[in-house]
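Reminder, nothing fancy here: chain letters follow the sequence lines and each chain counts from 1.
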Protein chains: 2
Amino acid sequence: MAQTDDKGARDTGTLGKLMVLLDLVTHAEAPLRFTDILALARQPRGTLHRQLGHLVDEGLLELDAEGRYAPGLRLLDLASRSWARNEFRLIAAPHLAALHRQTGETVHLGVLRGSSIIYLDKVEGHQPVRMYSQIGNASPCYCTGVGKAALSALPADKLRELLPGLHFHRFTPATHVNAESLLTEIGDIVSAGHAYDREEHEAGIRCVAAPIWSDDRSFIGGVSVTGPAYRLSMELLHEWAVPAQMTARKIMDEMRIRLGPRR
Amino acid sequence: MAQTDDKGARDTGTLGKLMVLLDLVTHAEAPLRFTDILALARQPRGTLHRQLGHLVDEGLLELDAEGRYAPGLRLLDLASRSWARNEFRLIAAPHLAALHRQTGETVHLGVLRGSSIIYLDKVEGHQPVRMYSQIGNASPCYCTGVGKAALSALPADKLRELLPGLHFHRFTPATHVNAESLLTEIGDIVSAGHAYDREEHEAGIRCVAAPIWSDDRSFIGGVSVTGPAYRLSMELLHEWAVPAQMTARKIMDEMRIRLGPRR
DNA sequence: TCCTTACTTCCATTATTTGGAACTTAATTT
DNA sequence: AAATTAAGTTCCAAATAATGGAAGTAAGGA
């Protein structure tokens with residue numbers, strides 16, 4: 001099993017239990033106190049206390065003077081190495097830059113992981129970029145351009161496995177809220193070769209995305225051109241579909257050369 | 001270089017052992033095969049195999065089709081949340097932008113963690129930024145501007161604890177290679193209120209940095225103005241020292257307001 | 001001061017990890 | 001093609017670490 005599912009995070013094993021806890025704290029809006037975590041994690045006091053202690057010892061969590069737990073900086077160092085070495089990102093980078101030059105809009109690179117899209121890179125305009133605000137973020141697959149494009153490259157059996165696990169959240173009035181309508185659109189995306197996000201994740205934001213996959217489909221991602229709805233009409237977005245698909249094609253070609261034809 | 005740690009990274013406990021392994025793989029130059037890791041980690045075959053399996057199950061490592069282990073993408077998602085919520089960075093961001101506008105050079109924000117500086121933010125010019133290439137990176141404290149500035153804010157007893165643990169690596173001819181010369185310079189930095197990096201970490205790169213600390217010294221970091229030696233003469237760098245110190249002062253003032261005066 | 005709430009420590013019990021060895025699979029040589 | 005070597009995987013009794021109920025301590029009111 002190459003990719004870990006959302007389900008994959010079993011809470012068995014010492015590491016599994018600790019990762020559940022780490023997720024709980026990192027996904028919170030603000031630092032959590034011991035009692036808050038106690039209410040969320042179904043663990044006895046003593047056990048939870050020691051588990052949090054271990055995570056703090058390792059720098060995965062930080063405990064401030066007011067006794068609140070927040071994500072630790074150790075994660076940053078680990079992640080920067082993960083990102084710096086990621087082969088897919090390294091291969092894609094120049095092609096993303098070219099697509100950005102061609103379109104003048106923000107370009108994203110994402111990879112499917114379980115039922116989430118993790119953004120690996122972003123090329124945007126002049127302003128001093130808040131890259132991290134996007135890179136690394138896990139977004140749902142059912143309401144993002146890259147996500148839906150990726151789903152269109154998923155073999156039918158994997159797609160059937162994935163769909164029941166989705167929890168549809170209505171981010172905007174345009175968000176898919178059930179598997180049926182999503183599945184219908186995925187059919188269209190397969191034929192067209194590209195996917196649109198019609199303000200489904202964030203109001204006022206549109207994108208067009210093209211899927212990227214390895215021959216054996218063990219790896220699936222996508223590239224997108226994103227921008228504000230006031231500037232990107234659906235007609236203009238349609239024009240960027242072909243450049244996006246060509247960029248995806250070039251990245252796939254280079255992956256085949258660099259990583260071998262099987263994958 | 002293996003320079004991260006501090007007393008924190010004990011290899012006792014299940015999590016500690018797994019983190020040692022995770023560090024080993026993330027710090028490697030390239031993906032490692034099982035046998036490579038076996039040679040590096042002092043673990044029996046069976047034990048190592050199960051440990052790696054757990055890390056892969058949790059998405060902290062990834063195992064490719066050729067049986068090579070690489071850092072996993074789960075780390076990216078965790079880290080992006082750690083970064084997005086970091087209070088110090090959020091407070092500092094507008095002040096970094098202002099310093100960048102004033103100097104026209106690259107501005108860095110870093111925090112001392114053990115004997116490493118972890119870069120938390122970066123503001124640089126127009127080019128589509130490779131932020132992650134710097135953000136999150138752990139660099140040694142003894143050869144970076146932010147690092148030496150941070151050391152100058154460390155209480156004497158903490159500094160004495162830290163020094164013997166340093167492993168001096170001669171990155172360039174100008175790098176400090178022993179505690180004595182470093183200690184002498186730290187004395188100068190304390191008086192001056194700012195630190196220079198005279199091409200000590202990377203040839204051709206200079207910077208001036210000012211320390212940032214909380215009242216109780218539980219938190220120590222720094223801000224720097226960095227640029228190529230051909231453009232930043234030592235004289236020009238000297239001019240940026242005051243703006244850097246004023247930026248540090250503003251950040252500290254705001255931290256005192258937002259996080260309470262004790263810290 | 002007493003009372004409540006929040007957090008921390010203790011330790012006999014329980015569950016997980018350990019690691020040597022046997023086993024399977026893949027690659028290389030004869 | 002068979003034999004040989006190397007690489008990776010699985011097994012299970014013993015060793016070790018995690019568990020969790022309960023008792024202890026500290027902080028913040030009334």
Side-chain angles (χ1 to χ4, degrees), chain A residues 1-2 4 8-25 28 30-70 72 216 218 259-263, chain B residues 7-25 28 30-70 72 216 218 259-263:
Chain A
M1 183 61 59
T4 322
R10 319 152 309 163
D11 57 354
T12 56
T14 303
L15 181 62
K17 292 173 209 164
L18 290 173
M19 291 303 291
V20 167
L21 214 46
L22 186 57
D23 265 340
L24 201 154
V25 176
L32 297 174
R33 325 221 16 212
F34 180 81
T35 315
D36 302 328
I37 303 175
L38 185 62
L40 293 167
R42 305 275 184 90
Q43 297 279 16
R45 304 176 71 75
T47 302
L48 181 64
H49 190 262
R50 184 178 29 73
Q51 288 174 331
L52 290 171
H54 284 158
L55 290 169
V56 170
D57 283 347
E58 289 299 333
L60 300 174
L61 288 183
E62 280 174 15
L63 176 58
D64 68 22
E66 283 84 35
R68 299 175 312 179
Y69 292 87
D216 65 2
S218 68
L259 306 179
R262 286 147 295 178
R263 309 168 50 233
Chain B
K7 58 246 169 185
R10 318 154 313 167
D11 58 353
T12 57
T14 304
L15 180 62
K17 292 172 208 164
L18 290 173
M19 291 304 290
V20 168
L21 213 48
L22 185 55
D23 266 340
L24 202 154
V25 176
L32 297 175
R33 318 210 37 175
F34 180 82
T35 316
D36 303 328
I37 304 175
L38 185 61
L40 294 168
R42 304 276 185 90
Q43 296 280 18
R45 306 170 73 74
T47 301
L48 181 65
H49 190 260
R50 185 180 29 75
Q51 288 173 330
L52 290 171
H54 285 160
L55 290 169
V56 170
D57 283 349
E58 290 298 333
L60 299 174
L61 289 182
E62 280 174 17
L63 176 59
D64 69 21
E66 282 85 35
R68 298 176 311 180
Y69 292 86
D216 65 1
S218 67
L259 305 180
R262 287 146 296 178
R263 307 170 50 237

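The line from CD of Gln43(A) to CZ of Arg50(A) is 9.0 Å long, rounded to the nearest 0.5 Å. Note that the CG atom of Leu22(A) and the CD atom of Glu58(A) stand 11.5 Å from one another [nearest 0.5 Å].
Of all heavy-atom pairs between Tyr69(B) and Val25(B), the closest is O-CG1, 3.7 Å. Residues Gln51(A) and Leu18(A) share a closest heavy-atom pair of CB-CD2, 3.6 Å. Taking every heavy atom of both residues into account, Pro31(A) and Arg68(A) meet most closely at CB-CB, 3.7 Å. The minimum heavy-atom distance between Pro44(A) and Leu38(A), with the atom names listed, is C-CD1, 4.3 Å.
Here dA7(D) presents its P atom at 9 Å from CG of Asp36(B), a figure rounded to the nearest Å. Rounded to whole angstrom, the span from the CG atom of Leu52(B) across to the P atom of dT10(D) amounts to 13 Å. Atom CG in Leu38(B) sits roughly 10 Å away from atom P in dA7(D) (whole-Å rounding).
A distance-only check finds a donor-acceptor pair linking the side chain of Asp36(B) to the backbone of Arg33(B) [under 3.5 Å].
In the 5' to 3' direction, nucleotides of DNA chain C lying under 4.0 Å from heavy atoms of chain B begin and end at dT17(C) to dG20(C).
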A correct 5'-to-3' footprint of nucleotides 15-21 of chain D, with B, S and - meaning base, sugar-phosphate only and no protein heavy atom under 4.0 Å, is --SSBBB
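Using a 4.5 Å cut-off on side-chain heavy atoms (C-beta onward), Leu15(B) and Asp57(A) make no contact.
At dG8(D), none of the side-chain N or O atoms of His49(B) fall inside 4.0 Å of OP1 or OP2 (strictly under the cut-off).
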